[in-house]
Amino acid sequence: MEYFLQQLINGLTLGSIYGLIAIGYTMVFGIIGMVNFAHGDVFMLSTFIALIILMVLTQVIGITPLALALFIVLIAAMLLTSLWAWAIERLAYRPLRGSFRLAPLISAIGMSIFLSNLVQVTQGPRYKPAPTIASEVITLFQGADYSVTVSQKQILIVAVTAVLLAGFWYLVQFTAIGRAQRACEQDRKMAALLGVNVNATISLTFVLGAALAAVAGLMFMIYYGVVHFNDGFVPGVKAFTAAVLGGIGSLPGAVLGGLLIGLIETLWSAYFSIDYKDVATFSILAITLVFLPSGLLGKPEVEKV
Amino acid sequence: MAIVAAAERPAVASRLAAALRDAAGTALLALGLAVPILALRIDVNINNQPILRPRWDYVAIAVGLAFAARLAHLLVRPTLTARTARPQPAAPTAVRARLGQALSLVGIALLILYPLIVLELVGQAGAVKWIDNFGVQILIYVMLGWGLNIVVGLAGLLDLGYAAFYAVGAYSTALLSENLGFGFWLCLPLAGIFAALWGIMLGFPVLRLRGDYLAIVTLAFGEIIRLVLINWVPVTNGYAGISGIPRPSFFGLPFNASDEGFAAFFGFEFSPLHRTIFLFYVILALALLTNWVTLRLRRLPIGRAWEALREDEVACRSLGINTTSTKLTAFAIGAGFGGFAGSFFAARQGFISPESFTFMESAVVVAIVVLGGMGSQLGVAVAAVAMIGGTELLRELDWLKDVFGPDFDPTQYRMLLFGLAMVLVMLWKPRGLIGTRSPSIHLRERRAVKAGLVKEGHG
């Protein structure tokens, strides 16, 4: 029982990271119906950006309160990653909007390969260790032979995710920006006729998705303590799985899917086989797409001819 | 006359100024993008502590490239569009078809003579590199490209897990020879059949999915197969791979120095080159077989159905074509050729490990098909030569080390350029570099469908 509880805590932490990335997939799919294959690599890029800024702040400038440094890193990483996502959308996706249907996906695959190799070439192929942050462990309760613990960084990750998701939820549900976004999602042509700037709204969707991916990137960097150029692919596919499982296009679905994938992965590793944990996720992706294409919370899709 | 010239000059000057301003803006954006990731490199010192090393030269190069590319794009494009807008006198299609046939015959003849030409030009010592690294390596990718072209180019199904079938072919050859003692020539057809069966097995549940979902699921299957190969250690030996796979023999004659060997039988002096040249002809034959089968299939109803499916799935279904079985045959046949290529790969290397079948491998093959022009046999071959041959050439560019320093490795930039090329081809020539797509069947007269005129429906 204690063991299970411990895995639950670990799974929720991992799940909130996946959920943050999954929102980027689900929003972009909702608004332009495209699988943004490069999103995982944008996330990977943000882990590097976050680590570099953190090191500049602590080693070069010498900001001592770690909380302040982390806050600056969070904001700066969100802004810089968003700039990347904006540029990618502008250069590689927007010109393809009238093209044949697989064109944006192929372009996104090219972009994904480009990004991961750019980081490999410029930052080197090795794992980069990050400084240890907030690793003190709090014992929740002492079992007979197993004690359930939670580390400060797990609390940090879940808390930051919850706060930012609440802010994001407000942005999408109750502001003009969010209304424009939902309008474009329903009918792009009609939204344009009614005075919504469709291109700007789509750009904003990418920017918001990337900003949340950057949050996930910082959390991932803190949680695992290493960054690597290839760490965009597998987390990216897992987050996409989360988006599909929750119902692609649905924001609460993405978060729910992320938490579920995090839990499934952790429990699978704990009780079955750690070697096959990625196989479990990939199988869930295939099974969901084949048998439950609209996911848990998604609306069934009507194909228009 | 003079007035016109005077009026034109400020126009050109203002166009140049506008282009410069625009390019400066692009350079500024590139600066913003490059500084956070390129300017400081994370390195590890002796105590395994991360330290930062400034690399402002990377930033300068990136910004310079962005400025130059944007400026060139702005200045060259109007002249280019003006040129292509002029109607081009098209050669009569019959003449062009005859010409194409003659050219392909000359090409095949050249390929058959290629090892001999190489031997003549560079001698025994240098020939292995040219025949093996360039000839065999490129032909493997030509074959993979043609195999995937059936799935992506003809049937319009984006398969991101093609390396899985390549892996099935390679591992079935390795396992059959290791456990049952089969030779290469028995393994080859079996590998193709197994791969095709896997294609059907994986394809059956997923083929009713839409294009991009299908792509993601094939990616997932590709990764699952690779992970199983890594983790099922008792059978596949995991990361360590399988070695000692038997090499192909020449009608029972092995390529070795023994008395029963190929060289002794024909009275040649033994040379390891014989095997290399033989492998070259084997893969050449396999690749040409792939091409021939594809060309013949396109003339059968099933090939026509594939092309119809690619153009418009809904129309296809309403005309009574069974889309599931049509897709499934494309998937199975494409997978089968991937299996042949994998079997050859295993026999050529003598050693295989899961490292050779990563997502990047699938991505390279997809990139070849996309760049060459989906559906164009010649385009795929040209793209394979350019990309794989280009990679091999990058290894040869030692003089770049003198320019950029000793730790500069040009091969690192291979995938970077692949990725960029995929994006650029989608932007400019979505039908690929050799990019006119001509449907095999047509009403009254044959019309090439230009990239710009194509707008696909669902499928």
Side-chain angles (χ1 to χ4, degrees), chain A residues 34-35 45 48-49 51-53 55-56 59-60 80 83-84 87 91-92 95-96 98-107 109-124 126 128-131 227 233 237 240 244 273 275-276 278-279 282-283 285-286 289-290 293 303 305, chain B residues 29 32-33 36-38 40-44 48-52 55 58 156 158 160 205-206 208-213 215-217 219-221 223-224 227-228 230-231 314 359-360 363 366-367 370 412-416 418-427 430 454-459:
Chain A
M34 160 198 176
V35 179
L45 197 70
F48 273 84
I49 293 178
L51 179 53
I52 290 174
I53 300 171
M55 286 170 65
V56 168
Q59 293 184 2
V60 183
L80 291 169
L83 184 67
W84 267 96
L91 297 174
L96 294 175
S99 191
F100 71 108
R101 230 174 36 75
L102 286 177
L105 179 62
I106 293 171
S107 180
I109 293 169
M111 214 52 199
S112 152
I113 296 172
F114 173 78
L115 284 179
S116 64
N117 281 277
L118 181 75
V119 173
Q120 184 191 6
V121 165
T122 56
Q123 295 286 339
R126 289 181 54 180
K128 312 286 182 186
V227 294
F233 179 65
V237 176
F240 180 75
V244 169
S273 143
D275 291 333
Y276 284 97
D278 289 353
V279 174
F282 288 126
S283 313
L285 175 61
L289 278 178
V290 173
E303 195 180 341
V305 180
Chain B
L29 173 64
L33 296 177
I37 191 75
L38 304 190
L40 296 163
R41 183 184 158 122
I42 309 164
D43 268 333
V44 178
N48 210 24
Q49 293 296 311
I51 48 164
L52 290 173
R55 291 299 308 258
Y58 279 162
L158 188 59
L160 294 179
V206 303
R208 58 183 139 135
L209 297 175
R210 292 176 8 158
D212 32 12
Y213 275 3
I216 301 287
V217 173
L219 180 146
F221 279 147
E223 285 299 295
I224 289 174
L227 289 167
V228 169
I230 289 174
N231 291 312
V314 176
F359 169 66
M360 274 301 148
V366 170
V370 167
Q412 282 188 339
Y413 292 84
R414 174 179 97 121
M415 289 309 292
L416 191 75
F418 275 19
L420 206 57
M422 276 171 89
V423 176
L424 292 180
V425 163
M426 277 301 116
L427 293 182
V454 173
K455 203 166 180 197
E456 278 183 334
H458 290 261

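Proteins get letters first, then strands, A, B, ... in listed order; numbering begins at 1 in each. Only heavy atoms go into these numbers, but all of them, side chains included; no hydrogens, no water, no symmetry mates. Not measured: the values here are computed from a predicted model.
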| said: Please classify the contact of B:Val366 with chain A as side chain, backbone, both or neither, using a heavy-atom distance under 4.5 Å. | reply: neither
| query | Any idea which of B:Leu158, B:Ile230, B:Leu52 has the most non-hydrogen atom pairs under 4.5 angstrom with chain A? | reply | B:Leu52
| Proximal component of A:Val121, with respect to chain B [non-hydrogen, under 4.5 Å] | both
| query | Which bit of A:Leu289 is near chain B, if near means a heavy-atom gap under 4.5 Å: side chain, backbone, both or neither? | reply | both
| task | Please round to the nearest 0.5 Å and tell me the distance separating atom CG of A:Leu285 and atom CD1 of B:Ile216. | result | 7.0 Å
| query | Side chain, backbone, both or neither: which part of B:Leu427 has an atom under 4.5 Å from a heavy atom of chain A? | reply | both
| remark: Heavy-atom nearest pair, B:Gly32 first then A:Leu80, reads O-CD2, 4.4 Å
| A:Ile113 and B:Met422: CA distance, side-chain angles, deciding distance, side chain to side chain contact (heavy atoms under 4.5 Å, CB included) verdict | CA-CA 9 Å; A:Ile113 296 172; B:Met422 276 171 89; 4.1 Å; yes
| request: Can you tell which part of A:Gln123 gets under 4.5 Å to a heavy atom of chain B, answering side chain, backbone, both or neither? | output: both
| message | Ring-plane angle category for B:Phe359 and A:Phe233, please: parallel below 30°, perpendicular beyond 60°, tilted otherwise. | response | parallel
| task | Let me know if A:Leu91 has heavy atoms under 4.5 Å from chain B in its side chain, its backbone, both or neither. | result | backbone
| task | Would you mind checking which part of A:Ser283 comes under 4.5 Å of any heavy atom in chain B, side chain (CB onward), backbone (N, CA, C, O), both or neither? | result | both
| query | Going through the checks in order, is the side chain to side chain contact (heavy atoms under 4.5 Å, CB included) test met by A:Asn117 and B:Tyr413? | reply | CA-CA 8 Å; A:Asn117 281 277; B:Tyr413 292 84; over 6 Å; no
| field | Structural part of B:Ala367 lying under 4.5 Å from a heavy atom of chain A | value | neither
| field | Considering all heavy atoms, the nearest A:Ala87-B:Leu29 contact | value | CB-CD2, 4.2 Å
| Residue selection (most heavy-atom pairs with chain A, distance under 4.5 Å) from B:Val217, B:Leu160, B:Leu40, B:Leu416 | B:Leu416
| field | Criterion side chain to side chain contact (heavy atoms under 4.5 Å, CB included) on A:Asp278 and B:Glu223, from CA distance to verdict | value | CA-CA 9 Å; A:Asp278 289 353; B:Glu223 285 299 295; over 6 Å; no
| message | Can you tell me which portion of B:Leu424 sits under 4.5 Å from chain A's heavy atoms? Options are side chain, backbone, both or neither. | response | neither
| field | Heavy-atom pair of closest approach, residues B:Pro50 and A:Gln59 | value | O-NE2, 3.1 Å
| message | Whether the side chain of A:Asp275 engages the backbone of B:Asn231 through a donor-acceptor N/O pair (distance < 3.5 Å, no angle test) should be reported. | response | no
| note | The reported gap from CD1 in A:Ile109 to CE in B:Met426 (rounded to nearest 0.5 angstrom) is 9.5 Å
| chain B contact via A:Leu83 - which portion, at a heavy-atom distance below 4.5 Å | both
| task | Report yes if the side chains of A:Pro129 and B:Val44 come closer than 4.5 Å at any heavy-atom pair, otherwise no. | result | yes
| said: Which one wins on heavy-atom pair count under 4.5 Å against chain B: A:Val237, A:Leu118, A:Leu115, A:Val244? | reply: A:Leu118
| remark: Nearest heavy-atom approach of A:Gly110 to B:Val423 is C-CG2, 3.8 Å
| For B:Met360 against A:Ser116, the heavy-atom pair lying closest together | CE-OG, 4.5 Å
| With only heavy atoms counted, which part of A:Val56 is less than 4.5 Å from chain B, the side chain, the backbone, both or neither? | both
